[in-house]
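All chains are named by letter (A, B, ...) in the order of the sequence lines, taking the proteins before the strands, and each is independently numbered beginning at 1. No hydrogens, no waters, no symmetry mates; every other heavy atom, side chains included, goes into these values. Quick caveat: nothing in here was measured; it's all calculated off a predicted structure.
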Amino acid sequence: MAEVKVKAQPPDADPVEIENRIIELCHQFPHGITDQVIQNEMPHIEAQQRAMAINRLLSMGQLDLLRSNTGLLYRIKESQNTGKMKGSDNQEKLVYQIIEDAGNKGIWSRDIRYKSNLPLTEINKILKNLESKKLIKAVKSVAASKKKVYMLYNLQPDRSVTGGAWYSDQDFESEFVEVLNQQCFKFLQSKAETARESKQNPMIQRNSSFASSHEVWKYICELGISKVELSMEDIETILNTLIYDGKVEMTIIAAKEGTVGSVDGHMKLYRAVSPIIQPTGLVRAPCGLCPVFDDCHEGGEISPSNCVYMTEWLEF
Amino acid sequence: MTQAEIKLCSLLLQEHFGEIVDKIGTHLIRTGSQPLRAIVHGTGTSLDQVKKALCVLIQHNLVTYQIHKRGIVEYEAHCSRILRILRYPRYIYTAKTLYSDTGELIVEELLLNGKMTMSAVVKKVADRLTETMEDGKTMDYAEVSSTFCRLADTHFVQRCPLVPDPPESAEAQPPPPAPTLSINEKDMYLVPKLNLIGKGKRRRSSDDDAAGEPRPKRPKQTAESKEPMPDDGIYWQANLDRFHQHFRDQSIVNAVANRMDQTSSEIVRTMLRMSEITTSSGAPFTQPLSSNEIFRSLPVGYNISKQVLDQYLTLLADDPLEFVGKSGDSGGGMYVINLHKALASLAMATLESIVQERFGSRCARIFRLVLRKKHLEQKQVEDFAMIPAKEAKDMLYKLLSENLISLQVGCQ
């Protein structure tokens, strides 16, 4: 008996049609689809054909292959990228992918080599190529001045690379910081002066001598001495240096959410203060500032009895 | 004791008491406590002279003695006490600011003579004051006595320890080789009831008119001094710790005046004055004082209302300085002065001032930063202090070389 095996032969699906269907599915699920989903959608296609279609899409750069904890995911790639990558070969795409993943912190060329396992010469060629196509750019890192990190062309470099508002072209702007320092201090000082002169009852006097970090920030912004836009955190770092100079003290008060300048229910208040002691006795005598302090002893070449500084000082 | 300290003590002893006392004193500082014979051998001076020198040193509280087992008495010199001689002018000046010329002279006499009876002090001071006064005026003993009493009440002078009265039931024990001196705490500032009547005597100078007068006066004076004074045996000395406490209070008041305003510093001064006697010098906090008490004790002429005082006290208690703390709510609010915190802050400010004057304000910034944050990496120092990396490194190494900062290798 001859059994005619009638296999329900699915109609020979057009490979292009399969690909299009897969792409449609990917668009439906932008986070990615698993192989299972494709299988469910098109049960009549054999695994082999499916695999071929997926491979073609991947090689054309229209799909992304990702690994998730459930298995493999296929995700549609943005169309603009596919436009860009036309004419580039796989290696370049790989390198570009790695750089894109590094985000706005950028990635060092050696790290690119580790991740892609490509030889150095290849990497350098690819990087030059991508740079000329204006797809990536090199940014000098402020931490190590010889190190260059690569990132996508249109991304803003992260603060840790450029150093933030205080660095311009890898140089720490000391004068800028100094000027801001002095301006903030003058502002707080004048506020304390007016509070002191108002001669109101002590509570009001003290409260009005405080300025919140938001107030200082607004004052500095209005002064317009900064070409770079400064955030409130930047101003707070400047105010912290004033605290370390012993010129300003800070208190933190609980502020209601929504009050201007409050962060997480707290507000920082700053006040100009004067030091609690006069310069101490040791440094008012010449010995405290003497450069040859350690060599001075009675009977030696440098001794208190023949000290020039001492004689000068006593002749007031 | 460092070599420099020993040299300084030796110079001080020489200047104030002479060569022999200097030799004995320096020998004792160098060798620690020694019995009499050893001192005689060690310094090569005669027994008689050693005894006299020791008398002088003990009279001025610079040397103390102790009876060891087997009945040997050992003498020990106190280097720190000898160094206090440098501060005598400051103590005298403090007495002058608080109790005017009379107080100044009383303290001066006590410091120069070590220990004196009250009557002797009063007489001498009255004589000295009379000399400086205009012709015909004399200083009354009563005024000097009253100043003396005030000094004793505020603990600036104190009684010296005495030989205690032997207990009644004691058998005839052989007298110990050296008397053990002790004094009861409550007797220390008790002024004996003396009836000192008299006026200061002016010493006649040689070009004065009555040339023949001094002669009959002299035998009369010696006759006077033969009478035993009623307070014989009760000796007084200057209480140096009390002066140090006064200096501490002054620094705290000045610090408050610099940080806040004049009125706050006056309030703190009042609080400290009220706790002068009730708080021991090593205590971390003063006794709690109620706001009502403070209001009553404010100096006359300071007319601020009770409400304003309360506001000032609240401000003082809330200030980041933390010199004043609130310990309760009874009596309008109980407030204490946080002495240990105040002294720690003053010490830190002194250190910061030294670094600032000696190394510059940027080094001072780094120093204060490390003081507050305890441990920092080099990168963190640069970021917090906002100093360029090269300069920050330079300054850190300079502070390290002067041993103001120490390096600790962390585990990575």
- Is B/Arg365 reaching over with its side chain to a backbone N or O of A/Tyr244, donor-acceptor style, under 3.5 angstrom? no
- Carboxylate-amine/guanidinium contact B/Asp319 A/Arg271, below 4.0 Å: yes
- Turns out that what part of B/Ala364 lies under 4.5 Å from chain A's heavy atoms comes down to backbone
- Considering only heavy atoms from C-beta outward, does the side chain of A/Ile276 approach that of B/Leu346 to under 4.5 Å? yes
- Message: Counting only non-hydrogen atoms closer than 4.5 Å, does A/Ile277 touch chain B with its backbone (N, CA, C, O), its side chain (CB onward), both, or neither?
- Response: both
- Distance, nearest 0.5 Å, that separates NZ of A/Lys247 from OG of B/Ser361: 7.0 Å
- Contacting moiety of A/Pro275, where chain B heavy atoms sit under 4.5 Å: backbone
- Item | Heavy-atom proximity to chain A below 4.5 Å, by part of B/Ser264 | neither
- Message: So which atom in A/Thr241 and which in B/Met386 form the shortest heavy-atom distance, rounded to 0.1 Å?
- Response: CG2-CG, 3.3 Å
- Heavy atoms from other residues, nucleotides or ligands near NZ of B/Lys7 exceed 12 (cutoff 6.0 Å): no
- Donor-acceptor under 3.5 Å (A/Thr280 side chain, B/Ser353 main chain): no
- Given A/Glu178, A/Met203, A/His297, the one with more heavy-atom pairs under 4.5 angstrom with chain B than any other is A/Met203
- Query: Can you check side chain to side chain contact (heavy atoms under 4.5 Å, CB included) on B/Asn258 and A/Gln278, steps first, answer last?
  - Reply: CA-CA 9 Å; B/Asn258 282 333; A/Gln278 305 295 327; 3.9 Å; yes
- Note on the structure: Most contact-rich option vs chain B, by heavy-atom pairs under 4.5 angstrom, among A/Leu289, A/Asp245, A/Val283, is A/Asp245
- Task: Would you mind checking which part of B/Lys373 comes under 4.5 Å of any heavy atom in chain A, side chain (CB onward), backbone (N, CA, C, O), both or neither?
- Result: side chain
- CD (A/Gln205) and CD (B/Gln311) are apart, to the nearest 0.5 Å, by 10.5 Å
- Task: Rounded to the nearest 0.5 Å, what's the gap from CZ on B/Arg372 to CD1 on A/Ile243? Could you check?
- Result: 8.0 Å
- Side chain, backbone, both or neither: which part of B/Ile366 has a heavy atom under 4.5 Å from chain A? neither
- SB check B/Arg259 A/Glu249 (cutoff 4.0 Å): yes
- Task: For residues A/Gly246 and B/Arg368, report the shortest heavy-atom separation together with the two atoms involved.
- Result: N-NH1, 3.9 Å
- Message: Are there over 12 heavy-atom neighbours, none belonging to A/Lys218, within less than 6.0 Å of that residue's NZ?
- Response: no
- Message: Looking at A/Gly288, is its backbone amide N or carbonyl O close enough to the side chain of B/Arg358 to form a donor-acceptor pair, meaning the two atoms are under 3.5 Å apart?
- Response: yes
- Message: Out of B/Leu369, B/Val256, B/Asp318, B/Leu371, return the one with the most heavy atom pairs under 4.5 angstrom to chain A.
- Response: B/Leu369
- Item | CZ/A/Phe293: more than 12 non-hydrogen atoms of other groups inside 6.0 Å | no
